[in-house]
Amino acid sequence: MRFGSMARFGAVGLMWGISYFWIKIVFQGLNSAQFSFFRILVGAVAMLGVLLFSGTRLPRRPATWGQLVLIAFLANALPVLLVELVDDALGADAGMVSVFNASVPLCVVVLYLVRRRTGRIPATLAAGLLVGFAGVLVLYAPWNAGAQWLSAAAAVNAVAALAYGWSMLLMEKLMKPAAEDGQDMHPLVLATSQAVIGVGWAAVNLPNGGFDRAPQFSAAVIGALLVLGILNTGLVYMCFAWLIRDEGAAKASSVLYVVPVVLTVGMVLLENYRLTGREVLGMAIILAGVALARIPQRGATGPAVGGRPARSVAEPTPAAR
C-alpha cells in the first residue's frame, strides 16, 4: 500500500470520526440549517482558493456539471429531502442509523456488480467489507431497534445508503482517464465543484429553520466551523475523492468503517464514555475487516476494482474538463 493512500485513508477516517465533537460545539451557536449552510460555504470558499492557487479551473462543459449536480443531489440533497418528507425519520434509532451508514460499502459492491456484470471483486476485499459490517453490527447492537426496522425511517436510511453508494461510483467514473470513458477529473476539481454546488443545496434548505433565530458566532463556534468547513468539507473530502480515484469506490469505501471506531474512542477519551465488552469486540472485528479489505492484491499493477495506478510525479495533470 502506498504511503499517500495510507495518509489519505487515515486523514479521512480520523477527521470524519471526530466531526461529531466539532458539530456539538457549532450547535452552541447555530441550528442545523444554519450549520449546513455556513459549513459548506466556508468549505467552498477555501477550496476555490486552493483551486485558484493551483492554477486549475472548474469544469466548463454543461454535461459535466450535470453529472456533478447529480452526485451532490444523491449524496447531500436527497437524504435531507427524504427526512423532510418522512415525519419520523429524525426519530430513528441511532444504532439502526449507524448500521445503514455502514452498509454503504456493501451498497457500492452491489451497485458495482450491477453496473459491471463482468467486474471482479477480489475475495479479500469482499470478505473484508463483510467482516467490517459484521463488526458494526456487534458494536451498535441494532437488534435493539425492534420494530423500527420496518418503519419509514428505516426505508429513508436504506435509500440514503444506496444513493451515497451510487454517488461514489459516479465520482469514480468522472475521475477515470478518458481512455476508460472517464473525464480524468482531478480530485481537487471534484471536491471544489461539490462544495460549490453544496452551497446552492444548503441555501435552498436555509428557509427551513435557518431564519428562526440569529446565529451566535462565538470564538469556539467559529473555530469549529472553520475546522468542519475547511478540513472535513473541503480538504478531507478531496482526500476521499483521491482514494476513490486511486483505489476504486469499493476499496475506498472501507474508510467508512473506521469512522465509528474513531467516534467511539473519542467518546471514551473526551466524554468519559465507558465501553462494554461487546463494543470492544465490535471495534476489533471492524479493524480486522478493514485490514482484510485493504490487503494489496498479489501481482496487481493497479487497483483491482475501479480506480487506477497513481500518476507519475513527472506526468502533468490535464486541465479539468
Side-chain angles (χ1 to χ4, degrees), residues 6 8-27 75-76 79 83 89-109 125-145 148-149 153-154 156-158 160-165 167-168 227-228 231-233 236-237 239-240 243-244 247 249-294:
M6 292 178 61
R8 285 187 282 269
F9 185 90
V12 174
L14 175 64
M15 292 306 298
W16 283 1
I18 64 174
S19 62
Y20 162 78
F21 305 103
W22 295 109
I23 291 173
K24 287 181 64 177
I25 297 174
V26 172
F27 277 172
N76 301 308
V83 167
L90 291 177
D93 178 79
M96 182 182 72
V97 173
S98 299
V99 169
F100 276 115
N101 289 340
S103 72
V104 170
L106 301 183
C107 292
V108 170
V109 171
L125 174 57
L129 295 180
L130 287 172
V131 170
F133 184 72
V136 174
L137 294 178
V138 175
L139 175 62
Y140 287 110
W143 45 84
N144 294 327
Q148 286 201 46
W149 286 99
V156 164
N157 282 280
L162 281 168
Y164 198 83
S167 74
M168 291 178 63
V227 170
L228 291 168
L231 294 181
N232 283 21
T233 303
V236 175
Y237 185 81
C239 289
F240 181 57
L243 281 174
I244 293 175
E247 302 180 349
K251 188 173 183 178
S253 68
S254 64
V255 75
L256 299 177
Y257 289 149
V258 178
V259 173
V261 175
V262 174
L263 171 60
T264 304
V265 172
M267 290 172 63
V268 172
L269 297 177
L270 301 176
E271 297 184 341
N272 296 318
Y273 180 77
R274 299 185 66 177
L275 286 174
T276 65
R278 172 182 54 77
E279 290 170 327
V280 173
L281 176 61
M283 290 192 293
I285 296 174
I286 290 172
L287 294 178
V290 171
L292 181 60
R294 300 190 65 76

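Atom set for the values below is all heavy atoms of this structure, side chains included, hydrogens, waters and symmetry mates excluded. Positions are given from 1 along the sequence.
- Shown here are the side-chain contact (heavy atoms from CB on, under 4.5 Å) partners of A11, two or more places apart in sequence or in another chain: there are none.
- Taking 4.5 Å as the limit, some side-chain heavy atom of V258 sits within range of a side-chain heavy atom of F9.
- The backbone N or O of V136 sits nowhere less than 3.5 Å from a side-chain atom of Y257 that would complete a donor-acceptor pair.
- L162 CG to N157 CG: the interatomic distance, rounded to the nearest 0.5 Å, is 11.5 Å.
- Taking CG from L275 and CG from L281, the interatomic distance works out to 12.0 Å, rounded to the nearest 0.5 Å.
- Under the salt bridge (charged side-chain N to carboxylate O under 4.0 Å, His left out) criterion, the residue pairs touching residues 264-273 are K24-E271, with sequence neighbours excluded.
- Between I286 and G132, the shortest heavy-atom distance links the atoms CG1-O, 3.7 Å.
- Residues L125 and A293 approach most closely at CD1-O, 3.7 Å, considering heavy atoms.
- Within the 4.5 Å cutoff, the side chain of L231 has no heavy atoms near those of the W22 side chain.
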May I have the step-by-step check of side chain to side chain contact (heavy atoms under 4.5 Å, CB included) for M6 and R294, ending in yes or no?
-> CA-CA 10 Å; M6 292 178 61; R294 300 190 65 76; over 6 Å; no
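- The two residues P142 and L137 make their nearest non-hydrogen contact at CD-O, 3.2 Å.
- Partners of F27 by ring pair (Phe, Tyr, Trp, His ring centres under 6.0 Å), not counting sequence neighbours, listed by chain and number: F35.
- Using a 4.5 Å heavy-atom threshold, the side chains of L256 and N101 count as separate.
- Summarising the geometry, atom OG1 belonging to T264 is positioned 11.0 Å from atom CG belonging to L269; distances are rounded to the nearest 0.5 Å.
- In terms of heavy-atom proximity, L292 sits nearest to G128 at CD2-N, 3.6 Å.
- Taking the ring pair (Phe, Tyr, Trp, His ring centres under 6.0 Å) definition, one finds that W16 meets it with F240, sequence neighbours left out.
- Among residues at least two apart or in separate chains, side-chain hydrogen bond (donor to acceptor under 3.5 Å, both in side chains) pairs with a member in residues 277-288 are Y273-E279, T276-E279.
- In this structure, S253 has no side-chain hydrogen bond (donor to acceptor under 3.5 Å, both in side chains) partners at least two apart in sequence or on a different chain.
- Counting heavy atoms from C-beta on, the side chains of L106 and L130 come closer than 4.5 Å.
- Between S254 and L129, the shortest heavy-atom distance links the atoms CB-CD2, 4.0 Å.
- Between M15 and V227 there is a side-chain heavy-atom pair separated by less than 4.5 Å.
- Considering every non-hydrogen atom in both A158 and F100, the closest pair reads CB-CE2, 3.6 Å.
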Check the pair Y164 / V108 against side chain to side chain contact (heavy atoms under 4.5 Å, CB included), numbers first and verdict last.
-> CA-CA 8 Å; Y164 198 83; V108 170; over 6 Å; no
